[in-house]
Every structure is written in C-alpha cells, then in structure tokens.
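Note sheet for the following structure.
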Number of protein chains: 2
Amino acid sequence: MNRDGFMSVTIKDIAKAANVSYATVSRALSDHPDISEETKKKIKKLAKDMGYTPNIVARSLITKATKTIGLIIPDITNPFFPEVAQGVEGYAYDNGYTVLLCTTNWQIEREERYLKALRSKMVDGIIIAPAIDDISHIICHFNGGDTPVVFVTYSPDNPDCSFVATDDYKCGFMATEYLLKLGHRNIAYIGGLENSSSDRRRFEGHREALKSYGLPLRYSPMHGQFKQMSGYELTKELLIYNDIPTAILAGNDVLALGVIQAVEEFGLKVPDNVSVMGIDDISFASFDKISLTTVAQPKGEIGRLAAEIIIQKINNPQDKAPVKKVLEPRLIIRRTCRSI
Amino acid sequence: MNRDGFMSVTIKDIAKAANVSYATVSRALSDHPDISEETKKKIKKLAKDMGYTPNIVARSLITKATKTIGLIIPDITNPFFPEVAQGVEGYAYDNGYTVLLCTTNWQIEREERYLKALRSKMVDGIIIAPAIDDISHIICHFNGGDTPVVFVTYSPDNPDCSFVATDDYKCGFMATEYLLKLGHRNIAYIGGLENSSSDRRRFEGHREALKSYGLPLRYSPMHGQFKQMSGYELTKELLIYNDIPTAILAGNDVLALGVIQAVEEFGLKVPDNVSVMGIDDISFASFDKISLTTVAQPKGEIGRLAAEIIIQKINNPQDKAPVKKVLEPRLIIRRTCRSI
DNA sequence: GACATTTGCGAAAACGTTTGTTATACTTTA
DNA sequence: TAAAGTATAACAAACGTTTTCGCAAATGTC
C-alpha cells in the first residue's frame, strides 16, 4: 500500500488469489517447465485480470540486470546527436532495452556525475560520446566493474576500449584534400571546443592534408564551441584580422552554418568568394538553400552499431575482447565550394 | 559477487569494516541525527576509501522512488523535440533526477509499450507528448496509479490532466491572420499526421482565421508525416492539381522546409510568387539563407516547466490538482512571406 | 541517589522478485 | 509390490537497501 492508498498488485496477491505459493506464480509467468500448463493458464489469466505489472526494480535487484542502457552525449541540440540517439534507441527498443538520456553540455563535471548515477542505477551498459579527449575518469569508473561501455564518435587510445566511430582524422583529411583539389591554397580551419577529441583529430587530418601538398598552416586554428553562433563569431574574427582565405573548413556542420552566415554578412559570397565546408552531414545540410558541401558520417548506423555491440557484450559478459568499428566517412559534394 | 568475480562493495562490507551494524552505516551515510559525528566521519571515510556506490535499485525497492522520470516524445529527429528534451533534462539534472528517453515514432503501439515499461520500471513521473489525439490509453494506464503524468505540446480535453503546451489553435490562427493581413486570400495548409492532436488544432485555428475574414477553405487540407520530405511531396501534389496559392501555411517548420523546396523546384520563388510560413521556430529557421517566417513556441520553457511540475507533483503526491500551463506563441516575422 | 530523559546504536522486518532445494503425489519399472 | 523415477508445487533464502522499534549507556533533574 503506497502513500496514496493505492496498492499495485504484486505476485503475492496473485498467489493468494490462485491459492498457490508466490514462487509458483513467478515461475508460471516466466513459463518455467516445472509448472503445469493448467496452472500456468490459470495464473496468467489471473495476472491479466488483476492488472499485474511486474516490478522490474525488484527483479533487477536479484537478476542484476535492469534492461536499461545509459547514453551519454554532449549536446542533444546539435542535430548530429539525435540521429545517433535514434539509432541506439531503435535497436534498444527492439531488444527490450530502454535508454537513459544524459547530456553533458560538454562539461566534464556533468559527465562524471552522470557516470556515477548510471552506475548507481545499475544500467547494464553505457554508450558514451565523451566530451573531451581525456577519458581516464571513464575508464576508472567502469574498468574495475563489469558494466560494458562503448564509445561512440570517438576512438580511444586505450586498446581495451570498444568503440564505434568514423575516422575523424580522415574526415578532416578528405575535406581538406577536396578543397585542395579544387585549387584552394588558403584554407582556414574553424573548430569547436579546444579539447574536444574529434575536433582535434579532424584538425590533424586537415593539417596533414595541407602538409601532403607541401603547404604550411596559414591560419592559426580557432576554437570556440560547437555552436552556430561560435562559428559565426570566430569567422568574423578571422575575416577581420587576417587575409581572406579562399576556403574555410568548419569542424562540423553547425559551425559551418555560422561560418556561412558570417561570410555573407561580411559582404562575401559563398562559394563565389569563399568556399565553405562542413563535417557531419546533418539533415539540414541537404536543404536546397543551404546545400552544404560536407563529409558525411553514418549517424544512425553509429548508434545502431553501438547498441548492437553493447547488448552483445551484456549477453556475453565473459567475452572481454574489445570490439572496434571504424566507419568510413563519405564526401558529399554540394554547392558551397567551387574550384579556383 | 557477480558473474565476473568482481564484487561491488555494499553497505554490509562497510559495516564489517567499521565494526558497526549495517543500519548504522545506512544512517551515517544519510546524515541521520541519531548517529554521532564521530562515527559518521569514520564511516564516510571508509565508504569513500572502499569505493562504495549506493545501489539505487535496492533503495528504490523500499523508498518507492527511482529518481527517474520518463520522457515520451514522437521524434527526436525533429529539432523541436530535442529542445524540449533539453529543457526537461536540464531541470531534472539540477534536481537529482535522470530521464528515460522514449521515442514513439508517432506509433501508438510504441507509445503503449513504453508506457507499460515505464510503469514496470517504476519511474516517478512521466512527461509525454502524445502521438495522437486519443489519449485514453494513457489515462487508463496511470490514473488508477499514483505516477503523475504531465502532457507537453498537447492540451487534453480531460480536465484532470496536467499539461504545458502552447496554444496550438492560436498558432494556426496567428499565422493565418498574419498572412491575411499581408493580403493573401488563397492560402493552403500542409499538415503532418492526420490524427495528430496539435496538427488538428493548428488547422482549426487556420480555418477559423479564414472564417473570421469571411473566407472559405479553398484548399482541402493535406496530410502526410511530420517530415521535410512529406512537406515536399504534398506541396508538389498541391501545386500540380490546384490553382497556385499565394501562400502556404505548413503545420510545422520542418514541413515548411519541404514546402519551400518544392515551391522553388516548381519554378516559383519564395516569397515573390508564394509566401510560406511555418510553426515552431526551430533553430534553423533563423538561418539567414532560410529566414523562415513562423510562429515560435518556447520550446525549452515547455520542457523546463513540465519537469518542474512533475517534480513538484512527485514531492506532493497528496495534491492531485492538475496544473495547466498554456504558453503564448510568438509571431516571428522573417523573409518567407511578402504582402500582396 | 533515584528517576526521567536523551544519545547512539543494533536487531529485524520489509520492499517484490528469482531461484535452489525440498516435499508431495503420482507414474513407471522390474 | 516395492523401488525408482517424474511431475508439480511449496519453502526459504537471497538481492541491497531503509526504517521501526527497542535497548543500553550516558546524561540530566530534583
């Protein structure tokens, strides 16, 4: 009987009504072979009639499985993440799992608090897109434990970690290479958070592509946040204090949107005066009025795969071997870049 | 000791180490006044040193509070919902709650299955943006129970339901009124899901606005899904089989994006030949290349308020009075509509 | 110094399940 | 017909907490 005088029906109530022990009810409901078909039928009917709902937290306490997985992402507001979230949620749903959504807003303190909470709540597994490059706090939280974790959108240095990510380095490289092939030589990079892992790798890819063409870094990399506004402001700054680049590569698509806005507000045309390119291929990039040239990640696929891996790991706890998937980025040529 | 030979430390372990009863440990950790400062300090230190993490599911079993709330939304991929999700998650986080993300993909079966799951998992409250107009299954699931539910983005007819929503009728009305004031008389409506509650009300607002100007419905309302592609296809159909309207009101912004694409692909200019308007004000609507005229909902505010209400209800279960918040939509004039 | 009060803590029940072991009754086998 | 086997179901422990009650020692009161 709870505080409202409302009493939810438990296995014991059914036992009483059926005049059997409650162990029998439990077994009947889970189709245990020890129970006769007759009683099973009787009990199941009773359960239905009485409106029985199993109490999963009680069950979890003993089975040590909560049938929920934690999903930690930096920012649900960036259209990139909802798509991976959809991927994991879809697969989880199909397999009887439920997902706890945790957004860190790129703050490590939030990430840590959520990690602790997820542990307390005994989630069966964790899928995490880490906010920053240093993931030692994550390792230390769960390596000793038995909760599997798979990283997404990030490939950890630690060889024991499972992950699914598209090659960020290659993203940066491909994008830059494409611009170089178009004839650009003055290419600036507008990044997001300075200590973001993926941004860092994308930038490295960018730099290496330049190097492969024998070009130095002409513009010092700029960092802010992964927000349109940040891309906007950084670009304004870039345009004011530097030679105008012929192309700008943004760390991701929402930054690119800000870049475009700033460029045009500066009186320049995209792509006529300056080409701009993004990374991610968020759905709005394909909108005709935008037509952002970008390099695509298989967002839903990342999520689905991560969920698949984690559930596989949950079901086979003895198999500790890390599984690593690196997916291929795809160049998507649209209309924000031109050859010169 | 779990299946991996890894044993997480429990309150009993601490009790043993501290040479006190485990009741004492429990009380010490929760700062119960019965326990001396001295033992509290000792036990807390021990807990920390031993790496104790409370098992919330065990706690929940007895306190009947899981400190988690369920969030059911139709589609995380529509930028509208992540913003309300962010609102609830932010407030929940600040108050020690965690949120279970459930997306229904507008399917009532998913909604129902999730509802059942949330009940089984003993969430403390549920925030739901219902997929369709008929919410009887939701009522029946939780009215008998004690789990508070608040609707978002939807105002139920049932006077006992709590909700926070912006006035959908008014959204439709305001948008249409604006178009009318601009001189438009041939206005078409492109909707989303036929049995969506908000779409229906928005359409009603649209029709009433027309009526207030003495105008009949010139175009039969069109329905599809709440997807850009659907807006696109519906508009194509509209343009082919009807007189060209001077303005099109879309059921929401992502539809509007599809509308624009179709219109321009048809060889018409927005807003020169046809004005188009959306509803929601998703973040991309303000992007300069789009500049979608729309009517805004306070998305984050909706989420935050809903979380606030539900937590308030969780803490005061005796207070059964429904709380209803209807928020004001705001007309956002940008550049996809012109006066004629 | 006798009594009442407070302080600090332990014993045990409870939450709603699952599950290993045991018990009963019935059937088969030799 | 006795021994053995096979269904079926009951008993009880366990999961990791919180919480009610009670008890002893320490403290206060007159």
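Source: prediction; values computed, not measured. In what follows, chains are A, B, ... by sequence order, proteins preceding strands, each numbered from 1.
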Q | Geometric class of the B:W106/B:F81 ring pair [parallel <30°, tilted 30-60°, perpendicular >60°] | A | perpendicular

(Q) Protein within reach of the bases, or only the backbone? For nucleotides 6-12 of chain C, mark each nucleotide 5' to 3' as B, S or -, using heavy atoms under 4.0 Å. (A) --BBBBB

Using whole Å, report how far [atom1] of [X] lies from [atom2] of [N].
{"X": "B:K64", "N": "C:dA14", "atom1": "NZ", "atom2": "P", "value": "14 Å"}
{"X": "A:I56", "N": "D:dC15", "atom1": "CD1", "atom2": "P", "value": "21 Å"}
{"X": "B:K121", "N": "C:dT17", "atom1": "NZ", "atom2": "C1'", "value": "16 Å"}
{"X": "B:D13", "N": "D:dT17", "atom1": "CG", "atom2": "P", "value": "9 Å"}
{"X": "B:M122", "N": "C:dC15", "atom1": "CE", "atom2": "P", "value": "12 Å"}
{"X": "B:R59", "N": "C:dG16", "atom1": "CZ", "atom2": "P", "value": "18 Å"}
{"X": "B:L61", "N": "C:dA14", "atom1": "CG", "atom2": "P", "value": "14 Å"}
{"X": "A:I14", "N": "C:dT18", "atom1": "CD1", "atom2": "P", "value": "11 Å"}

Q) With a 4.0 Å cut-off, would you call B:E308 and B:R304 a salt bridge? A) yes

Q) In this structure, are over 12 heavy atoms from other groups packed under 6.0 Å from A:K40 atom NZ? A) yes

(Q) Would you say CG of B:D31 has more than 12 non-hydrogen atoms from neighbouring residues, nucleotides or ligands within 6.0 angstrom? (A) yes

Q) Between A:T103, A:V152, A:L118, which is the residue that forms a side-chain contact (heavy atoms from CB on, under 4.5 Å) with A:I72? A)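 Considering A:T103, A:V152, A:L118, a side-chain contact (heavy atoms from CB on, under 4.5 Å) with A:I72 is found only for A:L118.
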
Q: Please confirm whether A:R27 makes a cation-pi placement over A:Y22, using NZ or CZ under 6.0 Å from the six-membered ring centre and within 45° of the ring normal.
A: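 The answer is no; the distance or angle limit is not met.
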
Q: Could you please name the option among C:dT17, D:dG16, D:dT18 that lies closest to any side-chain atom of B:A58?
A: D:dG16

Q | Minimum-distance nucleotide (side-chain atoms of A:T63 versus C:dT18, D:dT17, D:dT19) | A |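 The listed nucleotide nearest to A:T63's side chain is C:dT18.
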
Q. Looking only at side-chain N and O atoms, does B:K12 come under 4.0 Å of OP1 or OP2 in D:dC15?
A.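 B:K12 to D:dC15 OP1/OP2: no side-chain N or O under 4.0 Å.
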
Q.
Please tell me whether A:Y91 and A:Y97 form a close aromatic pair, meaning their ring centres lie under 6.0 Å apart.
A. no

(Q) Taking the nucleotide of DNA chain D with the nearest heavy atom to each, does B:H32 or B:V57 sit closer to the 5' end? (A)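 Checking each residue's closest nucleotide, the 5'-ward one belongs to B:V57.
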
